[in-house]
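To start, the structure under review is shown below, and the notes come after it.
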Amino acid sequence: MYRVVSESGSGGVLVQSVELTADGVAPSAAPQTLTEAEFHAYVLDEEPDATRWVWDDTARWYPGLLRAGIRVQRAHDLRLSHAILRNSELTADSGLARAAPTQWDGASAIADASAVAPATLFDFFASEPGSSDSDDSESAGGDALAEFTRQMDAVATSAEPAGLRLLLAAESVGALIAAEMQFAGLPWRTDIHAQLLTAELGPRVPYGTRPSRLEQLAGQIRTALGDPVLNPDSPQDVLKSLQRAGLRVTSTRAWELQELTHPVIAPLLEYKKRSRLLTANGWYWMDTWIVDGRFRPDYVPGGVVTGRWAAKGGGALQLPKQVRGAVVADDGWKLVVADAAQLEPRILAALSRDMAMADAGRGTDLYAGIVARGVVETRDQAKIAMLGAMYGATSGESGRLLPSLAKAYPRALALTEAAARAGERGDVVSTRLGRSSPRPGERWLATQAQAYDPAASSTDERRARSEARDWGRFTRNFIVQGSAAEWALCWMAEIRKALLVLGVQHPQPESTGAAAGPFSEAPHLVFFLHDEVIVHAPAERVEQVVALIHEAAARAGRLLFGEFPVDFPLTVAVVDSYADAK
DNA sequence: TCTGCATGCAGC
DNA sequence: ACGCTGCATGCAGA
């Protein structure tokens, strides 16, 4: 049963129950207009009944439900689904994809389209809620229902409806999980964090002041360079000063400095490292982002073109290893930290149905497996070669190792090559489940067209070739990174489903009440980082949690690749502190 | 003074 | 000439 939720004109909630029939989406009951409180009661009442909640934006509806102590199991996020269907080559012929941009496309898509074709601007405003003759509540609800109908039609008439259905479900459950993880928060000990900062930087200082340890290192840098007024925070000044001291450097990047021998190098690298800690995750960050012992970043599901999540604020997806010691489980609880070992190469093996590569990764470290088969000599070489194949390296050690890899795994390498060639031609590529790469922009197309002009200069041609190869590397990586993101979504969805069952088996005490929220007693997801999850769990339940995470990985593999025998082994650690996970 | 771009580095 | 990001800071031009 699907229930389409939207705002009614008067600030209430409009709920329309619908069913999927052979002819499409059909209302199964009269629409209801509810107050917010009635809506909460309604969701609580209907939730056990395998309902899928259809709404424009999970981030807009779900946090309020969570605050009221209500979890939902299934959703369909119209905004995220629209973005996928609008762009997928599998639904390119659908009404949804052929229509002019609407409010379901981002504001930027509308702006782009209206710049090219003025007529679409009119279409957009003509279809805005409230601009029609019908009353507001009908218009608002009708928008969501009409959009849902278009989406279901696009899926049903596509070449791969099953894959797309899975993709939309996975993307939508991702949005639920993102809201739940933000609600629960990552346990964060500010006392430990502060201790770490003091150890690295010196006692806390007001914002805008340089801490004592940095001041001391700045002094050493100035002395070593004989430059008493040098500002170590200015890369330009530092570069000039290094060059004056006779060092041949072209930038102040750490990896370049590491190659040099000079008294300034050690303090300068120390300064950069600690200064980074201060600006990225210092006291100011802590005050801003840690509330009541929890880090609650804004996750953005589907925020990256490949389908990976992004995050805004707090740098949640770049949490440095340096500060992970502050992530500590509550008393009596544990962190179950799980990451998928060599996820992307395994995805590539499965995508290309490369049995030899799948064999190399069976039940073990895939890179070690490649070495064991004599393809390359060391694990490090195997890793560099694989990354080169997926990123499109042509030179260096990676480039040199590629032929051996191509000889051993021709199917896998043929797939990445084909994706690259497609991109170079300006063609679209798609992930396992049907998320398609964006079309190249007008500027790219113009550069390519220009190179075919008889009057094109060799510079024009070189630039066109270079940009074509850039785009080819993007599409080459897109299919692997994007399919890996789909695996990760399915993995998390399966983890969540199993955790929900655990929660039901161990019901929360009545006294907990809504105020404590749905996560106070049961194991729950608290963090996600592309191929890694953290579950916060009561100590006595960690064995069950570890088992269900493994089982979820196997299920995710079968969801995406059926019975193709590729393993997705995990590294799992049960720890008190995130710093101890690796 | 504001804004946009470049730099450098954190993550996968 | 190796893919995808976010963020803080410095810096130049508006």
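Computed over heavy atoms, backbone and side chain alike; hydrogens, waters and symmetry mates excluded. So that the names make sense, note that chain A is the first sequence line, chain B the second, and so on, each numbered from 1.
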Side chain to side chain contact (heavy atoms under 4.5 Å, CB included) between A:T394 and A:R469, worked out: CA-CA 11 Å; A:T394 53; A:R469 276 195 291 261; over 6 Å; no
Whole-Å distance separating the CH2 atom of A:W471 from the P atom of C:dC2: 18 Å
Atom NZ of A:K383 with >12 non-hydrogen neighbours under 6.0 angstrom: no
Touch class at under 4.0 angstrom, heavy-atom based, for A:S398 against every strand present: nothing
First-last contacting nucleotides on DNA chain B - partner chain A, under 4.0 angstrom, heavy atom: B:dG8 to B:dC12
Sugar-phosphate only, base, or nothing, as touched by A:R324 at under 4.0 Å among non-hydrogen atoms: sugar-phosphate
Contact under 4.0 Å: A:T306 side-chain N or O vs C:dG3 OP1/OP2: no
Upstream residue (5' side of DNA chain C) when A:V304 and A:A280 are each assigned their closest nucleotide: A:V304
Sugar-phosphate only, base, or nothing, as touched by A:A254 at under 4.0 Å among non-hydrogen atoms: sugar-phosphate
Ion pair check, A:R204 and A:D287, cut-off under 4.0 Å: yes
Side-chain N or O of A:R473 closer than 4.0 Å to phosphate OP1/OP2 of C:dG3: yes
Sugar-phosphate only, base, or nothing, as touched by A:K321 at under 4.0 Å among non-hydrogen atoms: sugar-phosphate
Distance in angstrom units between A:R308 CZ and C:dT5 C1', rounded: 8 Å
Whole-Å distance separating the CZ atom of A:R476 from the P atom of C:dA1: 15 Å
Under 3.5 Å side-chain donor-acceptor pair for A:T431 and A:S483: no
Output field: ring centroids A:F528/A:W491 closer than 6.0 Å: no
Nucleotide C:dG3, atom P - distance to CG of A:N477 in whole Å: 8 Å
Sugar-phosphate, base or nothing in reach of A:R253, heavy atoms under 4.0 Å: sugar-phosphate
Sugar-phosphate only, base, or nothing, as touched by A:A311 at under 4.0 Å among non-hydrogen atoms: sugar-phosphate
Passing option when A:V327 is tested against A:V526, A:D576, A:L335 for side-chain contact (heavy atoms from CB on, under 4.5 Å): A:L335
Sugar-phosphate, base or nothing in reach of A:V305, heavy atoms under 4.0 Å: sugar-phosphate
Sugar-phosphate only, base, or nothing, as touched by A:D233 at under 4.0 Å among non-hydrogen atoms: sugar-phosphate
Spacing between A:Y299 atom OH and C:dG6 atom P, to the nearest angstrom: 15 Å
Sugar-phosphate only, base, or nothing, as touched by A:Q236 at under 4.0 Å among non-hydrogen atoms: sugar-phosphate
Distance, rounded to the nearest Å, where A:L348 contributes CG and C:dC2 contributes C1': 16 Å
A:R276 and A:N281 side chains, donor-acceptor separation under 3.5 Å: no
Aromatic ring proximity A:W289/A:H193, centre distance under 6.0 Å: no
Interatomic distance where NE2 belongs to A:H530 and P belongs to C:dG6 [whole Å]: 10 Å
Between P of C:dT5 and CD of A:Q481, the distance in whole Å: 8 Å
